[in-house]
There are 2 protein chains.
Amino acid sequence: MNIGTAAERSGLPAKTIRYYEEIGLLKPDRSDNGYRDYSAADVHKLRFLQRSRSLGFSVEECRQLLSLYDDQERESADVKAIAQAKLAEIDRKLAELAGLRDMLRHLVANCHGDDRPDCPIIDGLSGEGDLRSAAACHGKG
Amino acid sequence: MNIGTAAERSGLPAKTIRYYEEIGLLKPDRSDNGYRDYSAADVHKLRFLQRSRSLGFSVEECRQLLSLYDDQERESADVKAIAQAKLAEIDRKLAELAGLRDMLRHLVANCHGDDRPDCPIIDGLSGEGDLRSAAACHGKG
DNA sequence: CTTGACCTTCCAGCGACTGGAAGCACTACA
DNA sequence: TGTAGTGCTTCCAGTCGCTGGAAGGTCAAG
């Protein structure tokens, strides 16, 4: 399929897809007319790239993760090591995101515009202290 | 406190902290000697910036989120609208991260290096199809 | 056979840092 | 009091990851 279709299906702009090719993340075939020709597997990779980039993984990290797919003949231990390191990082990110979510939920639920000027809600946003103590500033007692 | 201490406590490089000041995310006081002087609240903001940037939020999004803290006199409806929009995005990110984690867990648990060349593990990584069907390629069943 | 959408390459610019130079401020220690 | 060392300052340049735009080739429709 052409790059436009791949872009649509992956959620990435065509510009970005060409850039990913330029830096060696992906090598689509070329049609006789010189157009890039993406396979379903390419689109899978692109979708994966879109997801993991938007979640804060660097292009180099994405390259490593993609290598789990591409380098079928590498040592199983390597694959596991990479995947496990990423797992730990994902778990950390999950915890941080959950913290952010809880704080914002609390903010939505408890703030009515009557905030005092130094409400320590940011304590929660910054991941310090616990949610309930930050909550105290808005519960109006 | 000086920028070095703030850097240490926030997890951000001093360079980045100065850059955040330059683009107006933060305005620390200045000591008589011209050194930047960070308050505990500043460090909270920096920690928050460190977290949310690493989770894939843009600087502009972070600016909005910080405004929940800074613009105490803004309409409560505004605050809620911003927070709720971010909540939806965070929930989406949480779901995607959880998907990524589950796939990698499966990879760690089930791949022994005997993969066939087009194992569709990437289907799961790309967020398409469900985990169990991707799992089938490795379960050797 | 032209219009318009889509593709190509190339080059420039932007967002978000990051590194390094040149120089001032502070602490410590002879 | 001098001086070494560390940390701070500004400024400028470079990098990473895109992103926009120009100039031009390709293709399906009317």
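Being a predicted model, the structure only gives us computed values, none of them experimental.
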Whole-Å distance between dC8(D) C1' and Glu21(B) CD?
13 Å
Angle by which the axis turns from one end of the helix from dC1(C)-dG30(D) to dA30(C)-dT1(D) to the other, five pairs per end, to 10 degrees:
0°
Between Ser10(A) (side chain) and Ala6(A) (backbone), is there a donor-acceptor pair under 3.5 Å?
yes
Excluding sequence neighbours, so at least two apart, what forms side chain to side chain donor-acceptor pair (under 3.5 Å) with Lys86(B)?
Glu61(B)
Taking Phe57(B)'s backbone N and O only, do any of them form a donor-acceptor pair with Arg53(B)'s side chain (distance below 3.5 Å, no angle check)?
yes
Taking CG from Leu55(A) and P from dG17(D), how many angstroms apart are they, rounded to a whole number?
16 Å
Spacing between Ile3(A) atom CD1 and dC18(D) atom P, to the nearest angstrom
14 Å
Mind checking side chain to side chain contact (heavy atoms under 4.5 Å, CB included) for Asn2(B) and listing every partner two or more places apart, or none if nothing turns up?
Tyr35(B)
Write down the distance between OH (Tyr38(A)) and C1' (dT8(C)), rounded to a whole number of angstrom.
12 Å
Non-neighbouring partners of Gln50(B) that pass side chain to side chain contact (heavy atoms under 4.5 Å, CB included), sequence neighbours left out:
Leu12(B), Ser54(B)
Reading nucleotides 16-27 of chain C 5' to 3', which nucleotides get B (base under 4.0 Å from a protein heavy atom), which S (sugar-phosphate only), which -?
BBSBB----BS-
Is the distance from OP1 or OP2 of dT9(D) to the nearest side-chain N or O of Arg36(B) less than 4.0 Å?
yes
Can you tell me how far C1' of dA5(C) sits from CD of Glu8(A), to the nearest Å?
14 Å
Check step by step if side-chain contact (heavy atoms from CB on, under 4.5 Å) holds for Asp91(B) and Arg105(A).
CA-CA 11 Å; Asp91(B) 281 341; Arg105(A) 275 205 187 135; 3.9 Å; yes
Would you mind reading off the distance between Glu61(B) atom CD and dG15(C) atom C1', rounded to a whole angstrom?
13 Å
Whole angstrom value for the distance that separates C1' of dT10(D) from CZ of Arg18(B)
9 Å
Please confirm whether the backbone N or O of Leu55(B) pairs with a side-chain atom of Arg51(B), one donor and one acceptor, at under 3.5 Å?
no
Using only side-chain N and O atoms of Arg30(A), determine if any of them is under 4.0 Å from OP1 or OP2 of dT9(C).
yes
Show which side-chain atoms of residues 14-25 of chain A pair as donor or acceptor with protein atoms under 3.5 Å away, not counting sequence neighbours.
from, atom 1, to, atom 2, distance (Å)
Glu21(A), OE1, Arg36(A), NE, 2.5
Glu21(A), OE2, Arg30(A), NH2, 3.4

Across all chains, not counting sequence neighbours, the side chain to side chain donor-acceptor pair (under 3.5 Å) partners of Ser31(B) are none
